[in-house]
Amino acid sequence: MSETSYMEQELGSQPETWRQAARIGAAAGPLPKPGQRVAVVGCGTSWFMAQSYAALREAAGQGVTDPFAASEAFLGSDRGYDAVVAITRSGTTTEVLRVLDAVKGRIPTVTIIGDPETPAVALSDETVSLPFADEKSVVQTRFATTALTLLRAHLGEDTSRAVADAEEALAARVDKEWVFAEQFSFLGSGWTFGLANEAALKMREAAQSWTESYPAMEYRHGPIAIAAPGRVTWLFGQAPEGLEADVARTGARFVHHARDPLADLVLVQRVALERARARGLDPDNPRSLTRSVLLETPAAS
Ligand SMILES: O=P(O)(O)OC[C@H]1O[C@](O)(CO)[C@@H](O)[C@@H]1O
């Protein structure tokens, strides 16, 4: 593994790419208008960003917004959607291309993309490209969070606190207890549930770590049974009443920060990186994973 991995370089640049995205997002014409009924699709990390965006857009009163894993999209009927938003760093992910192809000519599409020279562009009515946030790494960090920052800005949010908090998260201490914890559960509600899912995916992809994620209050309905000393329960966003005390009783470490939840995800990306290092793993080359996952897998050489 090189001294500085792509993942480390890319996650470290997030405050700058978020700043740029906020400028574009505030004026991004092709993105959905208030009142439109919207479906948002993506795979893996991009699906989790779709979940967060959907919850934020609905909370902002801008209209029905349904997130779908692209493989599970609504292809049986149009369901009255006015627009489809696709999120894809690579622009080549098979399931996303299939959705764009299936709705072409029926529902207007806008794709948020890292590389503007990819097949998704031809299949989309509109694209918003974020080439400055594209990545060399397999494990996504900055593209996903930059796309979400763009969307937050488009919804009218002031993202300057998130940027400042991301800078602080990059400077914060990574606790050794997190690096060596036996297991993680990430929790969130509303838009932060997508972030909890993404945090868990980072731990699995980069550090091959056993990690789960749940809507915050669902955790009390069963999953808390695995909370124990040496394990970590990490909450994004608002703390539901009683949750911290419930976790404390199990002996698990409860982690909850006041910083902007997307900035707190930056800290989790760093924990995943540190765990990968501690395990002798190369975070840029996770086992069984490629930068873009295609259905037509090339023949093994
Ligand atoms: O955003 P894209 O390029 O469609 O890729 C999504 C993919 O990225 C990953 O996060 C990393 O490969 C996978 O979860 C998923 O297959």
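One-based numbering, in listed order, for ligands and for the atoms of each.
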ask   = Can you list the ligand 1 atoms lying under 4.0 Å from a non-hydrogen atom of Cys43?
value = 6 (C), 15 (C)
remark   = The complete set of side chain to side chain donor-acceptor pair (under 3.5 Å) pairs with one or both residues in residues 28-40, sequence neighbours excluded, reads none
query = With backbone taken as N, CA, C and O and side chain as the heavy atoms from C-beta onward, which portion of Arg89 lies under 4.0 Å from ligand 1: side chain, backbone, both, or neither?
reply = both
note = Here the atoms of ligand 1 under 4.0 Å from any heavy atom belonging to Ser46 are 1 (O)
key: Check: Thr159/Arg152 side-chain N/O donor and acceptor closer than 3.5 Å   = no
key: Atoms in ligand 1 with a heavy atom of Thr45 nearer than 4.0 Å   = 10 (O), 14 (O)
ask   = Out of curiosity, Thr17 OG1 to Phe143 CZ, how far, rounded to the nearest 0.5 Å?
value = 10.5 Å
task = Select one of side chain, backbone, both or neither to describe which atoms of Ser90 lie under 4.0 Å from any atom of ligand 1, heavy atoms only.
result = both
key: Polar side-chain atom of Glu135 near backbone of Thr141 as donor-acceptor pair, under 3.5 Å   = yes
ask   = What's the spacing between Trp18 CH2 and Leu148 CG if we round to 0.5 Å?
value = 8.5 Å
query = Can a non-hydrogen atom of Val138 be found less than 4.0 Å from any atom of ligand 1?
reply = yes
ask   = Under 3.5 Å, is there a donor-acceptor pair between the side chain of Ser137 and the main chain of Asp284?
value = no
query = Does the N or O separation between Thr88 and ligand 1 drop below 3.5 Å for any pair?
reply = yes
ask   = Below 4.5 Å, heavy atoms only, C-beta onward: do Leu273 and Lys202 meet side chain to side chain?
value = no
request  = Write out the residue and atom name of the closest protein heavy atom to atom 12 (O) of ligand 1, then the distance separating them to 0.1 Å.
outcome  = Thr290 O, 3.0 Å
query = Got the closest protein heavy atom to atom 8 (O) of ligand 1, with its distance?
reply = Gln140 NE2, 3.3 Å
Shortest protein contact, atom 4 (O) of ligand 1 (heavy atom only) = Thr93 OG1, 2.5 Å
query = Is it true that the side chains of Trp47 and Asn197 contain a donor and an acceptor less than 3.5 Å apart?
reply = no
note = Residue, atom and distance of the protein heavy atom nearest atom 16 (O) of ligand 1 read Val293 CG2, 3.4 Å
ask   = Which residue holds the protein heavy atom closest to atom 13 (C) of ligand 1, what is that atom called, and what is the gap in Å?
value = Glu205 OE2, 3.8 Å
